[in-house]
Participant: 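Attaching a single structure in structure tokens format; questions to follow.
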Amino acid sequence: MKKILVLAVLLFISCNSIKQFNEGISQPIPVAKLQSDVDYSYQKLKQLHPKLYWYISKEKLDYKFDSLKKSIQKPMTGLTFYKQLSQVTKSVGQGHLGISPSLKKYSKKELKLLKKEGKAALNQFDFEFIDNKLIILKNRSRHNIKENTEVVSINNEKPSDLIATYKKRVASDGYNTTFHNRYLGKSFGMFYTLDKGKLQDSIQLVLKLEDKDSLFVVKRDTFGTNSKEDKIKLSKKETKEKAKFNSKYGFNKETKTFTRELKFIENDSTTALMTIKQFNNGNPHDFYEESFNKLSVANAKNLIIDLRNNPGGRLFEIGDLYGYLANEPFVFIDDYEVVSRTSKLHVDYFKGGGPIMKFFKVLGAPFFYSINYFRVRKEDDKYLFSTKHSKISQPKPNNFKGKVYVLINGGSFSASSIISSNLKSTKRAFFVGEETGGAYNGTVAAQMPLVQLPNSKVNLRIGLALVSANGKTDIEGRGIFPDKEIIPTIEDRKNNIDPELKWVLDDIKRDKEVEELLKEPIKEPSKK
């Protein structure tokens, strides 16, 4: 009886807390408190961000924050404040510097009900923004909508106008010009939610079908969320094997696709395509070991690595992959650069995990904080933190020795750009596509604690360390440029043509033809 009473009290407190939070974010915030949040956000950036003035001078950034503070003359909601503050943080020019408003919280009971009702309207689609048009790449709704269908409007707003608005709030790395269209197109649903302040249970889509505008009303739906395959009961052994398989290839439950894939695209297995959608999800070590063993056994001559729209992920994964591509000893990244000895103490150490995990984290906290404090050293005017990736590493025993092509675009960001920087600086790969969204000379990321502003509840995600590849370029603030630039068009999508991959396959074919010609014996000129 006592336990039930305690649970009831905790549930009441939790529900009351959620109610107060939701009421708070919907109310206009007094001017003085908003101005205080402006100061607080800049203070936190100066305290934690190691390259705050890399792409903008201190004087200019001071002016932008001061101007924002003075411009606030009337109360506004946290959502409206986010839209203004984000235009200032964008000027820092760091794509990892995330900013978002706090959205409505739900109780466990409400979340269960939402789950029963199915996916939010926009979450039923994958999008791409290309040729200044938003197209549907993948349709998971019950509506009969073909892939590559153009979206004319969403709730009477043009996608191009919405993207233009979102660009004002989202930073790319440095002076990059390719990142926004790729990233905002791929993440359109998320940014639409942030813009409106909530998930959409219903939307009106006007789509261009056979040169005519057609209206579709898409509602929150369970369609496609409970497949028959999911309901099949497996034995413990089968469940374990399936989990291991899914982990190796990085199965995404949301999209029902795999993160990593290797396939041979020539009958003689001389050319392979490795697609990596992100450097995250599952255990990649087994995938890379298996893949490069396959390449070795097949005696493959060409490897195409597709990093298009890969937003990045874990450093250890790209370090592992690079070990299979390098042909000589290498230093993968420089030592991390941080603001001070205490920078890494701001990591969200206690975040995540259940009660048992939290208990062990409490026990380990003194060791964690001591190690992260004393491992930081000062050299000249910089505070540096070494990792195993900033020391000399050896290539893997079965490293690939053939020709490497890398497909890139503006959506290739963060870890994708770091591994690309190494491959570019060592001339280990030939790049095809467009300039990456991530900078060649590094990005501020690594651990990224969440800072919530006290009054507006706007969230800042701040990178603590400069992560940069060992190789550098003199062109500051730009990404990795392709050796062969190819920009796909909307017509390519409609005709199911992959122009970047097609060019690579044609190039490989040309090389083979030249190789065959060189093998032919030289014919002596006929005697007359």
Side-chain angles (χ1 to χ4, degrees), residues 49-56 90-97 170-183 276 278-279 304-319 321-323 325-326 328 330-338 382 384 387 389-390 393 404-446 448 463-487 500:
H49 202 287
K51 298 292 284 186
L52 193 57
Y53 308 113
W54 196 355
Y55 302 119
I56 185 171
K90 170 191 166 73
S91 63
V92 175
Q94 292 287 342
H96 284 89
L97 179 52
V170 180
S172 62
D173 274 355
Y175 316 113
N176 175 275
T177 57
T178 63
F179 174 73
H180 287 103
N181 285 355
R182 303 293 179 194
Y183 179 60
I276 310 170
Q278 61 177 350
F279 291 109
I304 307 164
I305 303 176
D306 190 352
L307 297 182
R308 290 172 296 181
N309 296 314
N310 182 320
R314 302 171 293 197
L315 184 65
F316 79 82
E317 182 171 346
I318 56 172
L321 171 58
Y322 190 76
L325 301 172
E328 55 187 31
F330 62 92
V331 175
F332 191 58
I333 61 168
D334 293 339
D335 288 341
Y336 286 167
E337 182 183 338
V338 295
K382 295 180 180 179
L384 304 175
T387 73
H389 299 291
S390 57
S393 299
V404 179
Y405 295 87
V406 181
L407 307 182
I408 54 173
N409 67 5
S412 307
F413 186 71
S414 191
S416 295
S417 294
I418 292 169
I419 191 170
S420 294
S421 298
N422 279 290
L423 292 168
K424 185 76 168 181
S425 63
T426 57
K427 299 180 180 179
R428 180 64 186 94
F430 188 92
F431 288 82
V432 178
E434 69 177 351
E435 179 189 355
T436 61
Y440 193 124
N441 287 346
T443 189
V444 175
M448 295 184 289
L464 295 181
L466 170 63
V467 186
S468 58
N470 195 242
K472 301 288 187 297
T473 179
D474 294 332
I475 306 173
E476 198 64 84
R478 298 298 295 271
I480 293 88
F481 290 99
D483 298 297
K484 175 63 180 179
E485 184 179 55
I486 297 177
I487 311 297
E500 300 101 314

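As the structure is a prediction and not an experimental result, all values here were calculated from the model. Numbers here simply count residues along the sequence, with the first being 1.
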Participant: With sequence neighbours left out, what residues match S393 under side-chain contact (heavy atoms from CB on, under 4.5 Å)?
Facilitator: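 So S393 forms a side-chain contact (heavy atoms from CB on, under 4.5 Å) with F330.
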Participant: Once you round to the nearest 0.5 Å, how far does CD1 of I480 lie from CD of E434?
Facilitator: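 Interatomic distance, I480 CD1 to E434 CD, rounded to 0.5 Å: 12.5 Å.
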Participant: For K472, look at atom NZ and say whether over 12 heavy atoms of other residues, nucleotides or ligands are found less than 6.0 Å away.
Facilitator: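 Result for NZ/K472: enclosed.
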Participant: State the CG-OG distance between D334 and S390, to the nearest 0.5 angstrom.
Facilitator: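 Separation between the atoms: 8.0 Å.
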Participant: Please check if the side chain of D173 supplies one atom and the backbone of G437 the other of a donor-acceptor pair under 3.5 Å.
Facilitator: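 A pair under 3.5 Å: no.
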Participant: Report yes or no: does E500 contribute a side-chain atom to a donor-acceptor pair with the main-chain N or O of V432 at less than 3.5 Å?
Facilitator: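 No, E500 side chain to V432 backbone: no donor-acceptor pair under 3.5 Å.
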Participant: Within the side chain of T436, is there an N or O that forms a donor-acceptor pair under 3.5 Å with the backbone of G479?
Facilitator: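 Between the backbone of G479 and the side chain of T436 there is no qualifying donor-acceptor contact (under 3.5 Å).
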Participant: Using side-chain heavy atoms (C-beta onward) and a distance below 4.5 Å, is R308 in contact with R182?
Facilitator: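 The answer is no; the side chains never approach within 4.5 Å.
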Participant: Please evaluate residues V444 and E337 with respect to the criterion side chain to side chain contact (heavy atoms under 4.5 Å, CB included), reporting the C-alpha separation (whole Å), side-chain torsions for both, the decisive distance (0.1 Å), and the verdict.
Facilitator: CA-CA 9 Å; V444 175; E337 182 183 338; over 6 Å; no
Participant: Can you see which heavy atom on E435 is nearest to which on P482, and at what distance?
Facilitator: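 Scanning both residues completely, I find the closest heavy atoms to be N-CD, 3.6 Å.
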Participant: Taking it one step at a time, do F279 and L307 satisfy side chain to side chain contact (heavy atoms under 4.5 Å, CB included)?
Facilitator: CA-CA 10 Å; F279 291 109; L307 297 182; 3.7 Å; yes
Participant: Do L407 and I304 have side chains that get closer than 4.5 Å, going by heavy atoms?
Facilitator: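 Side-chain contact under 4.5 Å: yes.
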Participant: Quick check: closest heavy atoms across K51 and Q94, and the distance to 0.1 Å?
Facilitator: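 Shortest heavy-atom separation between K51 and Q94 comes out as O-NE2, 4.1 Å.
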Participant: Counting N and O atoms only, with roles assigned by atom type, does the side chain of N470 sit under 3.5 Å from a partner on the main chain of N422, one being a donor and the other an acceptor?
Facilitator: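 Here the side-chain-to-backbone pair does not exist.
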Participant: Counting the benzene-type ring for Trp, do F316 and H389 have ring centres under 6.0 Å apart?
Facilitator: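 No, the ring centres sit 6.0 Å or more apart.
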Participant: I need the minimum non-hydrogen distance between F481 and F431, along with the two atoms involved.
Facilitator: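 Scanning both residues, the minimum pair turns out to be O-CB, 4.4 Å.
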Participant: In terms of the angle between their ring planes, are Y405 and F430 parallel, tilted or perpendicular, with boundaries placed at 30° and 60°?
Facilitator: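 It falls in the perpendicular class, over 60°.
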Participant: Over all heavy atoms of both residues, which pair between S420 and I408 is shortest? Give the atoms and the distance, please.
Facilitator: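 Heavy atoms of S420 and I408 come nearest at OG-CG2, 4.2 Å.
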Participant: Passes side chain to side chain contact (heavy atoms under 4.5 Å, CB included), I276 versus I305? Steps please.
Facilitator: CA-CA 7 Å; I276 310 170; I305 303 176; 4.2 Å; yes
Participant: Only one of T177, N441, T473 passes side chain to side chain contact (heavy atoms under 4.5 Å, CB included) with R478; say which it is.
Facilitator: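 So the option named by the test is T177.
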Participant: Which residues satisfy the side-chain contact (heavy atoms from CB on, under 4.5 Å) test with K90, sequence neighbours excluded?
Facilitator: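 Expected list: A171, H180.
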Participant: Relative to each other, are the rings of Y175 and Y55 parallel, tilted or perpendicular (30° and 60° limits)?
Facilitator: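 Rings of Y175 and Y55: perpendicular, over 60°.
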Participant: Rounded to the nearest 0.5 Å, what separation is found between the CD1 atom of I419 and the CG atom of L321?
Facilitator: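 With rounding to 0.5 Å, CD1 (I419) is 4.0 Å from CG (L321).
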Participant: Answer yes or no: is there a side-chain heavy-atom contact under 4.5 Å between F413 and N176?
Facilitator: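 Result no, sub-4.5 Å side-chain heavy-atom pair not found.
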Participant: For the residue pair S172 and F179, what are the closest heavy atoms and their distance?
Facilitator: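 So the two residues come closest at CB-CD2, 3.5 Å.
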Participant: Looking at CH2 of W54 and CD of E476, how far apart are the two atoms once the value is rounded to the nearest 0.5 Å?
Facilitator: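 Separation between the atoms: 5.5 Å.
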Participant: Could you tell me which non-hydrogen atom of S417 sits nearest to which non-hydrogen atom of G438, and how far apart they are?
Facilitator: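 Taking S417 first and G438 second, the nearest heavy atoms are OG-CA, 3.1 Å.
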Participant: Calculate, to the nearest 0.5 Å, the distance between atoms OH and CG belonging to Y336 and L384 respectively.
Facilitator: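 CG of L384 is found 13.0 Å from OH of Y336.
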Participant: Could you give the distance from OG (S414) to CG (N310), rounded to the nearest 0.5 Å?
Facilitator: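 The OG atom of S414 sits 9.0 Å away from the CG atom of N310.
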